[in-house]
Amino acid sequence: MNALAVGPVRTELAHLHYGDEAGIAAVGATVPLGRLAEPEEVGACAVFLASPLASYVSGATLAVHGGGERPAFLAAANARAGALA
């Protein structure tokens with residue numbers, strides 16, 4: 001069995017989690033690629049794993065997260081450092 005590990009995705013309901021366009025952009029800025037994934041990009045990865053191109057892939061988890069997310073503790077540490085300055 002294979003799996004996708006998906007990061008933040010810009011869907012039609014993204015505003016429920018991230019707020020308005022500014023909130024969506026702010027969350028996207030925490031991703032190394034600088035934006036949320038589009039649903040089509042996640043779908044393309046699923047199609048790849050289901051295709052003959054992945055016929056020798058077994059037990060894998062494909063990271064579909066734009067390089068990951070910036071850990072929340074970094075923002076907290078920076079806020080604390082600013083308060084001490």
Side-chain angles (χ1 to χ4, degrees):
M1 179 188 328
N2 297 311
L4 299 177
V6 180
V9 180
R10 184 184 180 104
T11 68
E12 65 276 0
L13 298 178
H15 67 281
L16 296 177
H17 297 285
Y18 309 123
D20 61 9
E21 288 299 319
I24 292 170
V27 172
T30 69
V31 177
L33 286 183
R35 63 179 178 81
L36 276 61
E38 295 296 329
E40 295 80 12
E41 294 170 310
V42 177
C45 294
V47 168
F48 163 71
L49 285 178
S51 78
L53 294 172
S55 63
Y56 203 67
V57 178
S58 179
T61 300
L62 181 59
V64 186
H65 56 41
E69 296 176 60
R70 179 184 165 118
F73 74 84
L74 291 177
N78 289 339
R80 177 77 176 136
L84 297 175

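Position 1 is the first residue of the sequence, and the numbers go up from there.
When all heavy atoms of Glu38 and Arg35 are compared, the pair lying nearest together is N-NH1, 4.2 Å. When all heavy atoms of Pro39 and Val9 are compared, the pair lying nearest together is N-CG1, 3.9 Å.
At a threshold of 4.5 Å between side-chain heavy atoms, the hydrophobic network of Ile, Leu, Val, Met, Phe, Trp and Tyr places Leu49 and Val42 in one connected group. Clustering ILVMFWY residues whenever any of their side-chain heavy atoms sit less than 4.5 angstrom apart, transitively, puts Val47 in a cluster other than the one holding Val6.
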Please tabulate, one pair per line, all N/O donor-acceptor pairs under 3.5 Å involving side-chain atoms of residues 53-67, not counting sequence neighbours.
{"from": "Ser55", "atom 1": "OG", "to": "Pro52", "atom 2": "O", "distance (Å)": "3.2"}
{"from": "His65", "atom 1": "ND1", "to": "Gly67", "atom 2": "N", "distance (Å)": "3.0"}
{"from": "His65", "atom 1": "ND1", "to": "Gly68", "atom 2": "N", "distance (Å)": "2.7"}

